[in-house]
Protein chains: 2
Amino acid sequence: MDFFNKVGKVALGSRLRLMTATITDDAARIYELYGINFMPKWFPVFYMLMEEREITITEIANEIGHSQPSVSKIIQEMITVGLVQENLKTADKRRNSVALTEQGILLSKELKLQWIDVEAAVESLITESNHNLWAALEEWEFLLQQKSLLKRVIENKKIRESQDVQIVPFEPKYLDAFKALNVEWISTYFEMEEADYKALDNPKEYILDKGGKIFVALYHNEPVGVCAMIKMKDDTYDFEMAKMAVSPKAQGKNIGWLLGQAIVNSAKEQGAKKIYLESNTILKPAINLYHKLGFQKVSGLATPYKRCNIQMELAV
Amino acid sequence: MDFFNKVGKVALGSRLRLMTATITDDAARIYELYGINFMPKWFPVFYMLMEEREITITEIANEIGHSQPSVSKIIQEMITVGLVQENLKTADKRRNSVALTEQGILLSKELKLQWIDVEAAVESLITESNHNLWAALEEWEFLLQQKSLLKRVIENKKIRESQDVQIVPFEPKYLDAFKALNVEWISTYFEMEEADYKALDNPKEYILDKGGKIFVALYHNEPVGVCAMIKMKDDTYDFEMAKMAVSPKAQGKNIGWLLGQAIVNSAKEQGAKKIYLESNTILKPAINLYHKLGFQKVSGLATPYKRCNIQMELAV
DNA sequence: GTTGATTACATAATTAGTTATGCAAATATA
DNA sequence: TATATTTGCATAACTAATTATGTAATCAAC
């Protein structure tokens, strides 16, 4: 298809669909050719019955990767043409144990001959081709099980969008954003406290003038994330990472990571040894991010915040 | 899937179906992720509209390999959500020329970003894998267009079944079969003639004793095909190939070819130079077979048969 | 030993496509 | 130029799957 070369690999799904359709169409004609009264869609179920002699519907579904209702219907169809018998006595009355009838067993012998020919035809296609479709499918099943297409796309989205994110130092024009972004999440999960108002209303006095820094994340030149590093008077810690906030509208763009990295790098440049932070375990994505940045849990330090139930540190 | 390794390549269709399902399922979730109100199945149609600006439904269908009703429905769905407009004035009033609306064009810009991410994800899968699924699909589309799976299976069936066919020399016990098989086809297409009865009733006298031969094709030890080589008194030709008959029940097993080969080989062994035959052009498969065996059309020879309207020869 | 959760299955509703059919417009043909 | 054929499309009917839902049987936990 010329179409697919034009469109590119986004059309993988469509291309697969078409290939599937051509193959199954031919499959139907092949059964006709052999004069066998058999529907292609019965194949995987029938095959399981050939192998297992007696098996339940759910077992078949799990094995062949169909839904249970799908197998249920196929079994019913095969019962009406006399290939399968059901309700073989089992202890568990919910289970519907099914098996081939005499006629089914007879048919399986005919089918085996046909499958030899089909297998040979597919083999010949594989031999003729440079790219092994069968092997590719097997490999892709594995790769997609490891990490789904969705996950892979999310990753790529993050990377692409984080390229549009700029991390810049604080300027007075970001004063409102610094407060608003923090108030947004704090008041969603907790309550604003005295210490919050101090820092958010007077960042110059409480953060910058004391040797701290604030970074702002811009997405398309809009401030969508902020984070502060506050100079500590402590012996062990040089800076506290605090007031990190990312707008919900801009989530999934790696912004937290980029802000955290900016803080850590800046601390390094200033010769810091250790960074400290306080948080709450209900903020799972945040805790996750801190872990990724390298922070480790510590305990026992004094804090002015009620909402703090976890403390972490990072040796720069 | 363990199932597919157990079953083997007959299950290619099923395996493709499952892969298609997983990919399209994820595709739907990807659109959700980007907050785009767009159905995966719209994709190929929408893409064509992006490329072509104005295009008819049948044109789209042909290009993307869908049926026309499928495109028709998709277009209608996209019209109801305001992405597409229809019935742009054309000279030909049957045609329904469609195009993106302003809103559609706007959406296409969002979609392009998403497709970049999907393309990158597929690319990464291709890089991670040894077997290139995309390339395999392209190659298989080509190979199947050259020769469909059905045709390939038919070929394999012929080969397998012709292995069960034995070509043996005539024996008295095949006398009835020799006559019956010939009467069957002659009386279907023509009328039995004087010369037919002579040869079929007394093959010993009219064929074998004069230095000719008869071969019988056995399928599961049943005589299902016959063919005679009759010694000719002519200067140019050594033998006439005649009375070839294959039971309709045993067609498609290459039996004609095997009988013909037996005749040709036997003629060679006896040092023959040229073989002759008579036939009728309404027997297309037979004429085809003679061509494959190497026979060429000649003309102008006398014949006792009314039904003869083509004469052929083979230089051994 | 009752109650709640889980399991096995059937049935119903939905989905994304397909063929089949019908009709009007356009084209070919006698 | 009348008539037959072809084309473009919509609509209907069907297909092969899916999710959603309901129900009886079984298992688990107090």
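Below, all heavy atoms of this structure are taken into account, side chains as well, without hydrogens, waters or symmetry copies. Every chain is numbered from 1, with letters handed out A, B, ... down the list of sequences.
For R95(A), taking side-chain heavy atoms from C-beta onward, the closest of the listed nucleotides dC9(D), dT18(D), dA8(C) is dA8(C). Side-chain proximity of H66(A) to dA17(D), dA10(C), dT18(C): nearest is dA17(D). Set against dG17(C), dA10(D), dA10(C), the side chain of R17(A) has dG17(C) as its closest nucleotide. Residue I57(A) has its side chain nearest to dC9(C) when only dC9(C), dG17(C), dA12(C) are considered. Taking every side-chain heavy atom of S67(B) into account, dT18(C) is the closest of dT18(D), dC9(D), dT18(C).
One can place CD of E77(B) at 9 Å from P of dG17(C), the figure rounded to the nearest angstrom. To the nearest angstrom, P of dA10(D) lies 9 Å from CD1 of I75(B). Between the CE atom of M19(A) and the C1' atom of dG17(C) there is a distance of 18 Å, rounded to whole Å. Taking atom CD of residue Q68(B) and atom C1' of nucleotide dA10(D), one finds them 7 Å apart after rounding to whole Å. A straight line from NZ of K73(B) to P of dA13(D) spans 12 Å, rounded to a whole angstrom. When the P atom of dA17(D) is taken as reference, atom CZ of F43(A) falls 13 Å away, rounded to whole Å. The CD1-P distance, from I23(B) to dA16(C), rounds to 17 Å in whole Å. Following rounding to the nearest Å, I74(A) (CD1) and dA17(D) (P) show an atom-to-atom distance of 5 Å.
Looking at heavy-atom distances under 4.0 Å, T56(B) makes contact with sugar-phosphate atoms alone, never a base. Residue contacts for T58(B): at a heavy-atom cut-off of 4.0 Å it reaches the sugar-phosphate backbone alone, with no base atom in range. At the heavy-atom level, S70(B) lies under 4.0 Å from base atoms of the strands shown.
On a pure distance criterion of 3.5 Å, no polar donor-acceptor pair joins the side chain of K41(B) and the base of dG17(C). Contact annotation: side chain of Q76(A) to base of dA10(C), donor-acceptor pair absent below 3.5 Å.
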Practice item. Start with the C-alpha gap between E128(B) and R152(A), add the side-chain angles, then the distance that decides, and say whether salt bridge (charged side-chain N to carboxylate O under 4.0 Å, His left out) holds. Key: CA-CA 12 Å; E128(B) 279 178 46; R152(A) 289 163 193 267; 2.8 Å; yes
Check your understanding: Does the side chain to side chain contact (heavy atoms under 4.5 Å, CB included) test come out yes or no for L49(A) and I75(A), once each step is laid out?
Key -> CA-CA 10 Å; L49(A) 289 169; I75(A) 289 285; 4.2 Å; yes
**Study point:** Criterion side chain to side chain contact (heavy atoms under 4.5 Å, CB included) on L144(B) and M19(A), from CA distance to verdict
**Key:** CA-CA 10 Å; L144(B) 289 174; M19(A) 177 63 70; 3.8 Å; yes
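Residues in residues 122-151 of chain B take part in no ring-ring contact (aromatic ring centres under 6.0 Å, His included) pair, two or more places apart or across chains.
Remark: S72(B) is not in phosphate contact with dC9(D), judged by side-chain N or O atoms under 4.0 Å from OP1 or OP2.
Annotation: side chain of E138(A) is in contact with side chain of N5(B) (closest heavy-atom distance under 4.5 Å).
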